[in-house]
Number of protein chains: 2
Amino acid sequence: MQNITDIIEAYLKQILHDEKTIEIKRQEIAQRFDCVPSQINYVINTRFTVEKGYFVESKRGGGGYIRIQKIVVLDSHDLLDEVSSWIGDHLTEQAAEDYLIRLMNEQLLTRREAILIQSLLQKESLPMAVEDQHRMRAHLMRTLLQTMKRL
Amino acid sequence: MQNITDIIEAYLKQILHDEKTIEIKRQEIAQRFDCVPSQINYVINTRFTVEKGYFVESKRGGGGYIRIQKIVVLDSHDLLDEVSSWIGDHLTEQAAEDYLIRLMNEQLLTRREAILIQSLLQKESLPMAVEDQHRMRAHLMRTLLQTMKRL
DNA sequence: ACCTCTCTGACCATCTTTGACTATTGTTTG
DNA sequence: CAAACAATAGTCAAAGATGGTCAGAGAGGT
């Protein structure tokens, strides 16, 4: 955890732990952590994705900003449908993992369940061409979500 | 015990004697013991395998690491191996269900876990020729059993 | 000699960091 | 008001920083 990305991620998440939304100035954060501004984009693109449960907006120009919001879903049924709709026809291993973590955070899956499922969705478990893997993984994930709705 | 592999193994295990997890930088350890970095991979691949009771994760790139965890071994290990050996290369939906029920009866799976897994192993979840389905199902089931051994 | 385990290094894969260039929005000037 | 200018943020590809793989050389035992 000595790389800047992780440090900035931790900083932002620590604030988001209390606040629901955080609004930053890219340049300011870059200066505070002594890195180039585009580093902030990297942090956001890799750590604050929709899969991980964040919604990001920004504006350029004078008074510009980057706003990060935790996505709050009230009803678990809705979350399952929503995740289902996000998935589409293709799903990478990383995205699948992010969704599982998300479901875990929302207490819709136990840690153990998430691990078991993740092991079935990893590429080693899907012996086929990468394209087909992604299709298959999406299919399995959707099946899972549907099943969860009935439990 | 004069070869580097054994020395590094001993060093890591000594730490793992107190800590449950250890996180190292490959390059750093290589330097400390004056060997090439890939030597560390050799040590890990031969001395810290799942069979020997360790779980290893790693990350590349800046801030990369190798993390080794001791796994708590269940006494149900044998049953999992046994079921694993029964499965073979092909597994029908019915057989899979039977195995899941068996694991449930042995309290190695909760009812909910069994249902979730069953939904992923049913034929509707495996859109492919029946022959391939059976192969795929066997593969997934074996993966599952392996994963359960580390939980 | 032969076999197995160890060790090494060249090459590969993945994640992070940086910076030049681009795009957008707000402000000032002619 | 339109054009220039200023202030932001975004993109992308290259460089940097790690760890992974694999085949072949080396070492030790039978």
Side-chain angles (χ1 to χ4, degrees), chain A residues 1-13 21-52 54-69 92-98 101 118 122-124 129-131 133-134, chain B residues 1-13 15 21-52 54-69:
Chain A
M1 173 74 99
Q2 11 57 309
N3 58 326
I4 294 272
T5 296
D6 288 342
I7 293 170
I8 298 175
E9 175 192 9
Y11 169 76
L12 295 174
K13 286 195 169 161
T21 291
I22 175 178
E23 197 171 296
I24 60 176
K25 290 199 155 294
R26 191 176 76 148
Q27 179 69 261
E28 218 169 72
I29 299 293
Q31 247 154 31
R32 176 197 293 248
F33 291 99
D34 191 31
C35 64
V36 296
S38 60
Q39 178 81 52
I40 309 305
N41 294 89
Y42 180 73
V43 173
I44 284 173
N45 291 330
T46 58
R47 311 297 153 91
F48 293 88
T49 63
V50 170
E51 288 88 344
K52 293 187 161 83
Y54 297 90
F55 176 56
V56 180
E57 298 168 285
S58 66
K59 205 176 78 167
R60 311 185 190 194
Y65 59 81
I66 297 175
R67 182 158 48 213
I68 308 173
Q69 288 182 252
T92 65
E93 187 169 353
Q94 184 58 60
E97 194 173 326
D98 289 344
I101 290 173
Q118 194 267 335
Q122 67 188 336
K123 52 181 159 318
E124 291 76 12
V130 173
E131 260 310 292
Q133 260 179 28
H134 288 180
Chain B
M1 172 74 92
Q2 6 51 327
N3 58 335
I4 291 274
T5 296
D6 289 341
I7 293 171
I8 298 175
E9 175 191 9
Y11 169 76
L12 295 174
K13 287 195 170 162
I15 294 176
T21 290
I22 174 177
E23 196 170 297
I24 61 175
K25 290 199 156 292
R26 191 176 77 149
Q27 177 66 10
E28 218 169 71
I29 298 294
Q31 245 155 30
R32 176 197 293 249
F33 292 98
D34 191 32
C35 63
V36 295
S38 59
Q39 178 78 49
I40 309 305
N41 294 90
Y42 180 73
V43 173
I44 284 172
N45 291 331
T46 58
R47 311 298 153 90
F48 293 88
T49 62
V50 170
E51 291 80 3
K52 293 190 161 79
Y54 297 89
F55 176 56
V56 180
E57 296 171 286
S58 66
K59 201 177 86 167
R60 310 185 188 194
Y65 58 79
I66 297 176
R67 183 157 49 214
I68 309 174
Q69 290 182 248

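Every chain is numbered from 1 and lettered A, B, ... according to where its sequence line falls, protein lines coming before strand lines.
Residue-to-nucleotide contacts include no donor-acceptor pair under 3.5 Å from the side chain of B:Ser58 to the base of D:dG19. For B:Ser38 against D:dG20, a side-chain-to-base donor-acceptor contact under 3.5 Å is absent.
The distance between atom CG of B:Asn45 and atom C1' of C:dC5, rounded to the nearest whole Å, is 14 Å. The distance between atom CG of A:Asn41 and atom C1' of C:dT16, rounded to the nearest whole Å, is 14 Å. B:Arg26 places its CZ atom 11 Å from the C1' atom of C:dG9, with the value rounded to the nearest Å. One can place CD of A:Gln2 at 13 Å from C1' of C:dT17, the figure rounded to the nearest angstrom. A straight line from CG of B:Asp34 to C1' of C:dT8 spans 12 Å, rounded to a whole angstrom. Regarding B:Glu57, its CD atom lies at a distance of 17 Å from the P atom of C:dT14, rounded to whole Å. Rounded to an integer number of Å, the gap from NZ of A:Lys59 to P of C:dA23 is 20 Å. Regarding A:Ile4, its CD1 atom lies at a distance of 6 Å from the P atom of C:dT17, rounded to whole Å.
A:Gly62 comes within 4.0 angstrom of a base, heavy atoms only. Within 4.0 Å of B:Arg67, counting heavy atoms only, lies no atom of the nucleic acid at all. Using a 4.0 Å heavy-atom distance criterion, B:Ile40 is classed as making no nucleic acid contact. A:Ile66 comes within 4.0 angstrom of the backbone, heavy atoms only, and of no base.
Residue B:Ile15 forms a side chain to side chain contact (heavy atoms under 4.5 Å, CB included) with just one option from B:Thr21, B:Ile68, B:Ile24, B:Ile22, and that option is B:Ile22.
Distances shown here put every side-chain N or O of B:Gln27 at or beyond 4.0 Å from the OP1 or OP2 atom of D:dT18. B:Arg47 has no side-chain polar atom (N or O) that falls below the 4.0 Å cut-off from OP1 or OP2 of C:dC5. For C:dT17, the OP1/OP2 oxygens have no side-chain nitrogen or oxygen of A:Tyr42 closer than 4.0 Å. Distances shorter than 4.0 Å separate some side-chain N or O of A:Thr5 from OP1 or OP2 on C:dT17.
In this structure the side chain of B:Gln69 reaches within 4.5 angstrom of the side chain of B:Glu57, judged on heavy atoms. B:Phe48 is listed as a side-chain neighbour of B:Lys13, based on a closest heavy-atom distance under 4.5 Å. At a threshold of 4.5 Å between non-hydrogen side-chain atoms, the residues B:Ser58 and B:Ile44 do not count as touching.
A donor-acceptor pair under 3.5 Å links the side-chain atoms of B:Lys52 to the main chain of B:Thr46, judged by distance alone. Counting only distance, with no hydrogens or angles, the side chain of B:Ser38 and the backbone of B:Asn41 share no donor-acceptor pair below 3.5 Å.
The side chain of B:Arg60 has D:dG19 as its nearest neighbour among C:dT16, C:dT6, D:dG19. Nearest nucleotide to the A:Asp6 side chain, out of D:dA9, C:dT18, C:dT16: C:dT16.
When the nearest nucleotides of DNA chain C are assigned to A:Gly61 and A:Cys35 by heavy-atom distance, the more 5′-ward of the two goes with A:Cys35.
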